[in-house]
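Have a look at the structure below, then the notes.
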Amino acid sequence: MTVSEKTIPVRGRLPSEPEIPSHVPPELVMEVLNWETPNALVDPYAVTERALDELPPIFFSPRPRPGVCGPAWVFTRYEDIRQAYEKGEYYSSRDSATFHYLVGERFRLIPLGFDQPEHTKYRSFLNPRFSPRSVAAMETSIRDSIDSLIDEFVDKGACDAAYDFGRVYPVVVFLDLMGFPRSMLEEFLSWGYAVLHSHGNIEKISWGIGSAVKYLRNFVQEVRDKPEDETLGSYIVHGKIDGVPLTEDEIMGMMTFLWLGGLDTVAATTSMMFRRMALQPELQQRLRDSPDLINTAVEEFLRTEPLVNSGRLVIKDHEVRGIQLKAGDYVLCANNVGNFDPDRFDTPRGFIPDRTNNRHFSFGGGPHLCMGVHLARRELRLALGEFLRRVPFFKIAPGVTCEAMPGLVAAPRVPIVWDPSAKKA
Amino acid sequence: MIELTVIDRRGEERAVAAQDGLNLMEALRDAGYDELAAMCGGSCACATCHVYVQPAAGALAPKSELENELLETSLHVRDDSRLGCQVAVDSALSGARVIIAPED
């Protein structure tokens with residue numbers, strides 16, 4: 001496996017970049033150019049490996065990331081990232097994922113857009129719907145969604161594991177959970193794609209998030225006029241905290257946040273999971289031989305596919321590794337490096353399906369740890385287990401290079417083939 | 001140090017000396033119990049440091065409303081359920097039996 005030669009830290013100030021705060025030492029201002037470039041490696045994240053040798057543990061990236069953060073300190077080491085997630089007195093997530101600000105909306109995302117103690121209040125309201133108990137009750141319907149997709153292609157000997165499978169089943173689960181009509185699947189995905197995969201193109205992001213917010217406002221109005229039902233959408237629209245009905249802004253903050261979180265991450269992780277198994281046949285065989293490894297293997301797929309690097313806002317001056325951070329600075333937690341920190345993980349670049357003590361950052365960390373963590377895990381475990389049980393040994397379709405992007409776009413196409421006559425069930 | 005008896009998910013029992021001033025989740029991590037995921041790092045946000053605590057030296061400080069809510073979301077909640085990150089290692093814990101709850 002060769003690692004791309006394009007890790008070129010660009011030192012100094014780039015033209016047309018926003019103001020870099022005066023306390024940032026010029027020698028720490030640099031940009032990494034290849035972390036989000038598609039490549040054909042078995043492990044697309046291998047491009048971040050040289051960060052440990054070639055970049056300072058903390059550097060300053062002048063490139064703003066619309067909707068995520070402005071020019072930011074990039075934390076690459078596990079321990080620093082952990083502190084950024086866990087130390088709420090120094091780091092706030094209030095400006096994270098503020099794509100809707102681009103279209104003039106000013107409501108705050110809930111719960112991510114709030115710090116303690118408001119955060120806890122909102123999280124307590126939503127937590128029961130995402131608990132292990134609630135997710136366990138969804139297992140049958142998740143499994144049905146997965147199985148009905150497999151039914152469609154299992155006899156054909158070919159499918160696109162990303163487009164036909166990974167992209168679809170988590171969104172179907174999400175639509176059902178929220179009470180959105182299943183007919184919205186393609187439109188939601190195209191809006192979501194525009195928001196999350198436009199590489200900072202403000203027009204495209206604005207179109208995607210604007211379309212979603214407009215749809216959600218109408219949806220909220222419709223749900224309000226109907227009696228309360230079992231869906232999460234209805235629970236929110238008719239919701240009360242301490243006996244007080246949620247405000248319009250609170251409802252939109254929750255609906256928009258769930259919409260952003262519900263579409264893409266499990267889909268992208270699934271696609272990457274199947275891509276890796278197709279490119280690494282001995283791994284696929286091992287998981288087929290030992291289905292009891294599925295739970296730990298899913299965790300290892302998650303660790304090695306850190307799709308999201310989270311932004312945080314510094315809210316109190318302090319020093320990290322001798323560097324002065326000031327209130328108002330942004331921090332980008334480079335989970336795509338921290339998840340492979342050798343100080344934390346043995347054989348960090350290896351894929352170890354039975355790895356234990358696997359506390360990675362693919363769900364973030366601290367109080368804002370992904371609310372959908374139990375749902376995501378269960379979806380991934382079911383998808384992996386059912387697929388391997390029902391679909392014979394597969395490989396990448398002939399002649400396809402199957403590039404992946406080490407980030408949210410992940411692997412939009414993973415065409416795979418198998419021998420349908422080898423089918424077991 | 002506070003002496004505890006810890007029972008892991010395989011049912012294996014071991015004496016553990018826990019450092020005063022830590023919380024129980026941290027003490028179990030320090031003692032090598034990696035199976036305690038504690039994903040949120042002790043922020044009382046995830047319920048993955050779920051343990052059953054049977055004190056021997058009187059009652060522990062009561063659970064907060066938030067801890068209770070989180071425990072209620074687990075498939076394995078019992079009367080003696082606690083979140084390790086919310087239990088202080090102090091004399092009230094001396095001699096307690098601590099059982100690591102099944103994974104959710």
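Computed from a prediction, not measured in an experiment: that's the story for all the values here.
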Nearest heavy-atom contact between A97(A) and L260(A) is O-CD1, 4.1 Å

Task: Cationic tip of R129(A) above Y235(A) ring, under 6.0 Å, 45° of axis - done: yes

Nearest heavy-atom contact between S96(A) and L109(A) is O-CD1, 4.1 Å

Among C370(A), S131(A), S134(A), A136(A), the residue with the most heavy-atom pairs under 4.5 Å to chain B is S131(A)

Worksheet item: Parallel, tilted or perpendicular: which fits the ring planes of Y91(A) and F75(A), with parallel below 30° and perpendicular above 60°?
Response: perpendicular

Residue pairs meeting salt bridge (Lys or Arg N to Asp or Glu O under 4.0 Å), one or both in residues 367-377 of chain A, sequence neighbours left out, come to E299(A)-R377(A)

Taking the six-membered ring of F345(A), is NZ or CZ of R303(A) closer than 6.0 Å to its centre and within 45° of its axis?
yes

Sorted by chain and residue number, the side chain to side chain donor-acceptor pair (under 3.5 Å) partners of S92(A) (sequence neighbours excluded) come out as R94(A), D115(A)

Residues E89(A), K316(A); criterion salt bridge (Lys or Arg N to Asp or Glu O under 4.0 Å); working and verdict
CA-CA 7 Å; E89(A) 67 271 37; K316(A) 192 173 165 187; over 6 Å; no

Closest non-hydrogen atoms of G41(B) and M25(B), given as atom of the first, atom of the second and distance, are C-CE, 3.8 Å

Bottom line for F363(A): the part with an atom under 4.5 Å from chain B's heavy atoms is side chain

Turns out that what part of T356(A) lies under 4.5 Å from chain B's heavy atoms comes down to neither

- Query: Under the ring-ring contact (aromatic ring centres under 6.0 Å, His included) criterion, do F340(A) and Y78(A) qualify, and how do the steps go?
  - Reply: CA-CA 8 Å; F340(A) 304 94; Y78(A) 186 94; over 10 Å; no

For residues 1-10 of chain B against chain A, heavy atoms under 4.5 Å, the residues are none

Max heavy-atom pairs within cutoff under 4.5 Å with chain A, candidates C46(B), C44(B), C40(B), A45(B), goes to C40(B)

Cut-off 4.5 Å, heavy atoms of chain B, and the answer for V135(A) is neither

Filtered by a 4.5 Å non-hydrogen cutoff, the part of residues 58-85 of chain B contacting chain A is L66(B), E69(B), L70(B), E72(B), T73(B), S74(B), L75(B), V77(B)

Pairing of R82(A) and E79(A) as salt bridge, 4.0 angstrom limit:
yes

